[in-house]
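Some notes on the structure that comes next.
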Amino acid sequence: MNESPRVAGNIIRRMEMRFVNPILKSPYALILPALAICVCFSVIPALMAFRNSFFSVDYVAGVDRFAGMANYRSIFTDGAFIQVFRNTVVFTFFSAAFGIPLAVLTAVFLNSNSPLCNFTQGVVFTPHVISFVSVSTLWTFMMDPQFGILNYALGLLGIRPLMWLLGENTSLPSIIIVSVWKTLGYNVLIVVSALQTIPREVYESAMLDRSGPVRTFFHITLPMISPFFVFLITTCVAQTLNTFDLVRLMTGGGPKNSSNLMVYWIYETGYLHFQVGKAMAGAVIFLFFVGAVSLLNFALTSRRAYYQ
Amino acid sequence: MPGPHRIKNYGRHGRGDYRPAINSEKRIDAAESMISLKGLKKTYPNGFTAIDNLNLDIQDGSFTVLVGPSGCGKTTFLRMIAGCEECTEGEIFIRGRNITKKAPGDRGVAMVFQNYALYPHMTVEKNISFGLKNYGYGREEIRAILRDVLELVGLLDYAKSKPSSLSGGQRQRVALARAISKSPEVFLMDEPLSNLDARLRVQMRGELIRIHQKIGSTTIYITHDQVEAMTMGDCIAVMNEGAIMQCGSPDEVYNNPANIFTARFIGDPGMNIVAWRDGVSLGFRSSKALLQRPSQFAGLTLNAAVRTREHLGEVYRYTLATARGEEIEIRNDYLLETGRHLAIYIRGENLYAFGADSGRIPTAGLVDDAEI
Ligand SMILES: Nc1ncnc2c1ncn2[C@@H]1O[C@H](COP(=O)(O)OP(=O)(O)O)[C@@H](O)[C@H]1O
Ligand SMILES: [Mg+2]
């Protein structure tokens, strides 16, 4: 009676050694599931995009013929692509340049355990769990030039009202503000957990070393959380480079492409204007750009960061 | 401003030319005490009182070991002196100056933490010079101090290493060098050796004593290690539940404990305590228990049964249970069978008596012929 489970166990073990172990010894077998997904949803589409960028494609008219470099030529002669590309770079840069320092400041405050902490934590983290649709609707209301609360607040300060999303000069900064606000909670979460890896005794040593709060922040806190910046900057840049929802929901890229970003442009060109070849040419260029930025990003940040 | 924190000139002394060890002459002429704690109390924000009405005077240049069970408030106490924890009540004086409200950096104290608390992103050299810069030392001075302290702890070759590439013992020595570099009047060490393996601990113990003798700063050293407490300090303060139970030389706390707690806590094994009568308890050291009644015996006869036996090599360690179920420990090289009933004898001069409040009372004439 006692024997049968053991016998069964032995058989299973023997089968395992015979059939499962050899498979597990091969690294490719282990990454196969992930690889399959990656090939289906990333590699094949990327290759197809690459192919289509050299073709003139029109699914409606059934056209699909080789066009050489024509698509690439057309996007570089088209002023819109250059502008959208520039917008994307500006958007990404400022989202990170404002978003990350703001996250660090907020996190340092949250980590100080003052009575306002729970409140702040709630306020800062809520946007992260709200959907982009709600966020966009909310901010569109607040940024309304006539009835919005932001212009009202500016009025109280004696500043002339802004056009916000409807102005050619203000639309891009407006969506930068929303993007920073939306991602702040997540970034703060990362920085807070980074801060919590610093032992209390290190701060006490700094106090005994007569290091004031500012000097401690720059010489102890920042360097010690620097490894987390690699992760933070990488995810932040990757996220903002790929922003689509904000543009789609708030401005539609307008006015006059002033707030249009790369991913929305690809969507617009390919699916609204049915210029698939041109959209794919843009996508290929963007893909190389994102790859280059990621490499650069990683190279720069990992050199500066210390690892324990 | 650098104030009184001038580096002592270690270089002037040769290796063998130590400052004299803390001796009795020095005690007499230094009438004022170095650190004086008056009515110290610490209540944490959660309402827990870790230290309550603590009074203690620590002599200039002494090496005071603070021992006590885990959680009794040793770390809290040390952090209060360092200024890392506010005092709820009471005052702290260093050399007569009231420093209760002073910032940690302005107290003339340095601390060595159990987990080293080095700055992991800085080299050994930077770890030490970071504080020196804040203290206002010039570049040349810093270089000289660095050389001195790194030589003192034997890490001259590691000046450019990061802490992550050092061993535990080396890291602790960096922490030590960092503390020494500021020539503190008071050195605080919170279980500095407890993260090291046994052999390294013995070695570092010796080095700490050597360094203390060389620089002569008043030191408060926390440990829960009996051996460290008995061998390192010239003064032992025994702490329990946030209060100092006794403070004295190692010899005194061992041979002349003021209360049951100290008697039980100091020594390995601690003192055996058995209840006697009228709330009075009697205590004796394991080594003083005799298995045969000597002629002309005056003292305590204790009837007990052998419960467990352990072979320690040279001797056996027995736990015995008295008729009331109290457990006592004796060491002897006789082989006794477990379960055996026997009487043990303790001479009157080896007995300690404690009153109902667990404080020590005189034994004279009390226990000429006691039997339990
Ligand atoms: N920040 C704190 N808040 C509340 N209680 C604390 C805090 N720090 C320590 N304690 C409590 O104070 C007591 C003494 O702690 P500690 O000084 O670290 O003891 P020891 O160093 O002797 O082991 C413990 O019971 C501990 O739980
Ligand atoms: Mg402790």
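Lettering follows sequence order; numbering is per chain, from 1.
In this structure, the side chain of His121(B) engages the main chain of His219(A) through a donor-acceptor pair within 3.5 Å. In this structure, Arg210(A) contributes its side chain and Asn134(B) its backbone to no donor-acceptor pair below 3.5 Å.
Residues Lys182(B) and Asp209(A) are paired through a salt bridge, judged by an N-O separation under 4.0 Å between the basic side chain and the carboxylate.
More than 12 non-hydrogen atoms from other residues, nucleotides or ligands lie less than 6.0 angstrom from OH of Tyr44(B). For Leu30(A), the CG atom sits in a packed shell: over 12 heavy atoms of surrounding residues, nucleotides or ligands are nearer than 6.0 Å.
Here CD of Glu201(A) is found 12.5 Å from OH of Tyr116(B). Values are rounded to the nearest 0.5 Å. To the nearest 0.5 Å, atoms CZ (Arg79(B)) and CD (Glu204(A)) are separated by 4.0 Å.
Taking each heavy atom of Ser205(A) and Phe113(B) in turn, the nearest pair found is OG-CE1, 3.3 Å.
In this structure, chain A has heavy atoms under 4.5 Å from both the backbone and the side chain of Phe130(B). Of the atoms belonging to Leu118(B), it is backbone heavy atoms, and not side-chain ones, that fall under 4.5 Å from chain A. In this structure, chain A has no heavy atom under 4.5 Å from any part of Ala103(B).
Each of Ala117(B), Pro163(B), Ala110(B) has some count of heavy-atom pairs under 4.5 Å with chain A, and the biggest count is that of Ala117(B).
Contact annotation: the side chain of Asn115(B) never approaches that of Arg200(A) to less than 4.5 Å [non-hydrogen atoms, C-beta and beyond].
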